[in-house]
Amino acid sequence: MSEPQPSQPQPTGFPVGTKTVDLAISGMSCTSCVQRLEKALSQVQGVETVQVNLATERARVNYGNRAITPEILVQQVEKAGYKAVLIKDPLSIPDQTQTKAAPSDLDHQGRLVMVGALLALPLVVPMVLEPFGLHFMLPGWTPLIFALPIQFWLGARFYKAAWSALRAGAGNMDLLVVLGTSAAFGLSVYNLFMGSRALYFESAAVIIVMVLLGKYLESRAKHQTSQALRSLQAIIPDRARLRRPDGDQEVSLSQVRLGDLVVVGPGEKIPVDGRVLQGSSLVDESLVSGEGLPRTKSPGDIVTGGTLNGDGQLIVTTVALGAESTLARMIRLVENAQMAKAPIQRLVDRVSNVFVPTVLGIAFLTFFLWGMVTGQWEAALLHGVAVLVIACPCALGLATPTSIMVGTGMAAQQGILIKDAEALETAHKVTTIVFDKTGTLTQGRPEIVGIFPQSGDREELLRITAAVQDGSEHPLAKAVVDSAKKQNLSYVPARNIQAVPGKGVVGQVDKQTIVVGSLALMNSLKIEVLPPKVSKDFVPDDGLTVSYVANQDQTKFLGMITFRDALKPEAAKAIRILSGLGIKTVLITGDNPASARRVAQEVGIADWRAEVLPEAKANMVTSLKGTGKEGKGGEIVAMVGDGINDAPALATADIGIAMATGTDVAMHTAGITLMHGNPLLIPDALEISRKTYQKIKQNLFWAFIYNILGIPLAAFGLLSPMVAGAAMALSSASVVGSALLLKRWKPSSHR
């Protein structure tokens with residue numbers, strides 16, 4: 001198993017030359033705003049894709065036209081009626097004040113709600129007392145005095161947003177609120193001038209106060225949905241202690257450079273990604289990876305910034321900083337998932353395109369028909385107002401992104417990084433999981449069991465094998481090289497090394513062409529593999545992995561080296577949990593049949609394939625995707641791997657799951673990355689995806705039902721404008737609050 005290396009910039013999936021800019025958006029109130037903003041930004045020539053997220057209040061724009069600048073995009077946002085701030089350096093750990101409601105912002109919203117409630121109270125009290133036979137009316141123009149600041153001071157934000165929407169030729173929730181409250185307020189002012197006691201100031205005032213309350217509760221809830229991400233942001237300490245020739249010096253983290261030596265004392269957080277140079281200690285990685293037990297770190301081991309050092313002092317060489325640190329990459333993956341739209345959101349987008357115009361039409365019909373049929377135009381107007389107010393595209397717009405925010409955030413806290421919303425949605429449907437063996441179900445650190453030379457001594461066979469495999473990241477090669485070094489065998493690394501994909505390697509050692517690889521490679525070179533002479537130490541069919549060594553120039557078999565790779569202790573339990581979920585498991589490995597059979601039997605996998613080349617792995621995944629149960633379509637296949645040779649299969653599967661303990665290529669190809677090599681994270685990843693998707697469907701159901709039931713009730717005069725306003729305000733907050741219930745999730749594998 002290869003060590004995690006300092007990461008390379010992750011591919012974005014966009015053509016060369018494409019740039020990405022992130023904008024913090026303010027002024028959006030509902031899913032109609034999202035649609036309008038996406039449409040406005042897409043109209044800029046050169047823009048390729050636009051993603052706008054109502055829950056995170058951010059926009060991500062990918063563009064290829066050199067004439068475009070971030071300033072042009074900001075201007076386009078403002079032309080559409082919103083405000084935008086460029087998020088600088090989006091590849092670094094983001095500043096939460098750029099992306100989420102700051103606590104002071106929430107306090108200000110809360111104070112406005114309080115002021116509104118105090119102003120509305122005198123208007124509401126007479127209405128509350130009336131059912132008890134207590135008739136009390138504010139004298140003269142007093143109701144107008146209390147209602148005026150609510151309508152045009154506290155409600156100013158709705159007028160501004162509605163006017164911006166109208167100028168852009170669109171409608172949104174603010175327009176519905178403005179039309180409804182203005183109608184009630186205007187009718188009340190008219191009646192007041194005419195000397196009528198039929199005043200409806202309380203309806204307009206309560207609607208505005210309730211909508212403000214709903215926005216406040218929504219902001220608070222959205223603030224909580226980002227808690228997992230903010231907890232990751234807060235892990236890294238802001239200072240580090242550097243080892244200098246003239247003594248240790250404490251500096252800010254921004255002053256640390258690659259290669260600097262960082263001193264980490266007992267009980268301190270490790271501030272950088274690095275490699276241990278001196279010292280040994282237990283390191284608690286749970287904050288970053290979710291791994292429960294501390295791990296021993298010694299010279300040569302990789303440590304991650306944000307993890308907690310135990311009781312020993314470590315001196316660490318810095319290997320990654322800023323945007324390329326493990327933690328920054330984690331945050332970036334989580335943010336990418338939160339920004340992306342789930343496929344189910346397309347239905348919401350189609351509905352929101354026609355929602356506001358439809359509501360306006362229903363409200364006008366309600367007003368016109370009630371007036372024509374009953375002749376009571378004041379009542380007709382109030383029923384029309386109720387229709388305008390009850391309709392809430394907010395809840396529809398928040399149902400999906402808030403669930404994704406909480407779900408991906410909770411997954412990240414357990415060490416599960418979900419690449420995007422599509423991966424989240426696909427994972428819940430998985431019916432078959434294909435496992436690689438080495439580094440996935442096994443430790444990926446094979447050890448040499450036996451060395452069997454055909455002629456000569458064992459040290460010579462080990463020496464020439466190490467010479468060919470020196471520098472390779474393959475687990476078997478590392479085992480050979482480590483063994484040679486432990487025995488102090490001297491050798492010169494081979495020249496002209498050529499890898500034979502999935503089979504082995506060839507190189508020049510002492511002017512001879514040496515081949516190290518599988519039995520299939522020997523057969524292809526027509527090299528006869530003879531039984532080892534030390535047969536009493538060799539059992540050919542006990543599940544050992546075998547590397548064969550030969551002299552290609554002489555087509556002469558030189559001997560074999562056998563390895564055993566211990567199973568991960570959690571592997572069998574992970575397979576049992578997956579079987580309990582009704583998920584079929586398959587083992588596909590490039591190793592020999594005996595080794596594959598041993599691992600499959602020990603973990604409980606019935607279907608296994610051995611000696612499979614990388615391209616054949618991808619073909620087998622494709623074949624599995626095409627096989628379905630009777631009367632059903634093909635299987636939804638996930639592939640779990642950690643090596644370069646797994647990348648084609650990871651890309652071919654419906655969803656790839658990569659171990660972060662493996663190669664960067666595997667992680668970049670996969671839809672889900674597991675931050676440590678525990679197989680139990682696989683059922684955990686499927687579980688959180690299922691729960692998140694269930695929450696999305698549940699929230700969308702209630703958002704749709706709310707409007708389907710609420711609008712007819714209002715149209716038939718069964719809801720007063722005030723009740724409609726309260727229901728509308730609470731619907732958005734309830735959707736976000738429902739998403740927050742995902743924070744209760746505890747992985748079943750931990751129970």
Exercise. So do the side chains of L41 and L73 get within less than 4.5 Å of each other, counting heavy atoms only?
Worked result: yes
Exercise. Which is it for K695 and S738 under the side-chain contact (heavy atoms from CB on, under 4.5 Å) test, yes or no, and what are the steps along the way?
Worked result: CA-CA 8 Å; K695 184 60 67 177; S738 173; 3.4 Å; yes
Exercise. Looking only at heavy atoms, what is the nearest atom pair of A320 and V272, with distance?
Worked result: O-CB, 4.5 Å
For this session: Please name the pair of heavy atoms, one in A84 and one in I25, separated by the smallest distance, quoted to 0.1 Å.
Result: CB-CD1, 3.9 Å
Problem set entry | Full working for side-chain contact (heavy atoms from CB on, under 4.5 Å) between V251 and V256 | CA-CA 8 Å; V251 300; V256 180; 4.1 Å; yes
Seminar exercise, completed: The reported gap from CD1 in I657 to CG in L674 (rounded to nearest 0.5 angstrom) is 6.5 Å
For this session: Starting at CG of L213, measure out to CG of L112 and round the result to the nearest 0.5 Å.
Result: 12.0 Å
Problem set entry | Expected output: side-chain D273 to main-chain G305 donor-acceptor under 3.5 Å | yes
Exercise. Taking side chain as C-beta onward, heavy atoms only, is K691 less than 4.5 Å from L742?
Worked result: yes
Problem set entry | Side-chain heavy atoms of S689 within contact of K429, under 4.5 Å | no
Problem set entry | Considering all heavy atoms, the nearest A240-L253 contact | CB-CD1, 4.2 Å
Exercise. Less than 4.5 Å apart, any side-chain heavy atom of L179 and any of L360?
Worked result: yes
Exercise. So do the side chains of Y63 and V21 get within less than 4.5 Å of each other, counting heavy atoms only?
Worked result: yes
Exercise. Can any side-chain N or O of Q414 pair as donor or acceptor with the backbone N or O of L681 at less than 3.5 Å?
Worked result: no
Problem set entry | Rounded distance [0.5 Å steps], OG1 in T408 versus CD1 in I416 | 11.5 Å
Exercise. About how many Å separate CD1 of I150 and CG of L212, when rounded to the nearest 0.5 Å?
Worked result: 9.5 Å
Exercise. Do the side chains of L417 and I672 get nearer than 4.5 Å, heavy atoms only?
Worked result: no
For this session: Report the C-alpha separation of M639 and T652 in whole Å, then their side-chain angles, then the decisive distance to 0.1 Å, and conclude whether the side-chain contact (heavy atoms from CB on, under 4.5 Å) test is met.
Result: CA-CA 9 Å; M639 169 72 195; T652 303; over 6 Å; no
Exercise. Should T317 and L261 be marked as a side-chain contact (heavy atoms from CB on, under 4.5 Å) after you check the CA-CA gap, both sets of side-chain angles, and the distance that decides it?
Worked result: CA-CA 5 Å; T317 304; L261 299 183; 3.5 Å; yes
Problem set entry | Atom pair CD/CG of E268 and L308 - distance to nearest 0.5 Å | 9.5 Å
Problem set entry | L258 and V319, any side-chain heavy atoms less than 4.5 Å apart | no
For this session: For Q45, look at atom CD and say whether over 12 heavy atoms of other residues, nucleotides or ligands are found less than 6.0 Å away.
Result: no
Seminar exercise, completed: Closest non-hydrogen atoms of S182 and Y159, given as atom of the first, atom of the second and distance, are OG-OH, 2.6 Å
Problem set entry | Closest approach of I208 to F158 (non-hydrogen atoms, all atoms of both residues) | CG2-CE1, 4.1 Å
Exercise. Do the side chain of R36 and the main chain of A80 share a donor and acceptor less than 3.5 angstrom apart?
Worked result: yes
Exercise. Any donor and acceptor pair, going by atom type alone, linking the side chain of T318 with main-chain N or O of D260 inside 3.5 Å?
Worked result: yes
Seminar exercise, completed: d(T49 OG1, N62 CG) to nearest 0.5 Å is 3.5 Å
Problem set entry | Closest non-hydrogen atom pair, V52 against A59 | CG2-CB, 4.0 Å
Exercise. Quick one: are P271 and V262 in side-chain contact, heavy atoms under 4.5 Å?
Worked result: yes
For this session: Evaluate the ring planes of H428 and Y693, with Trp represented by its six-membered ring, and classify them as parallel (under 30°), tilted (30 to 60°) or perpendicular (over 60°).
Result: parallel
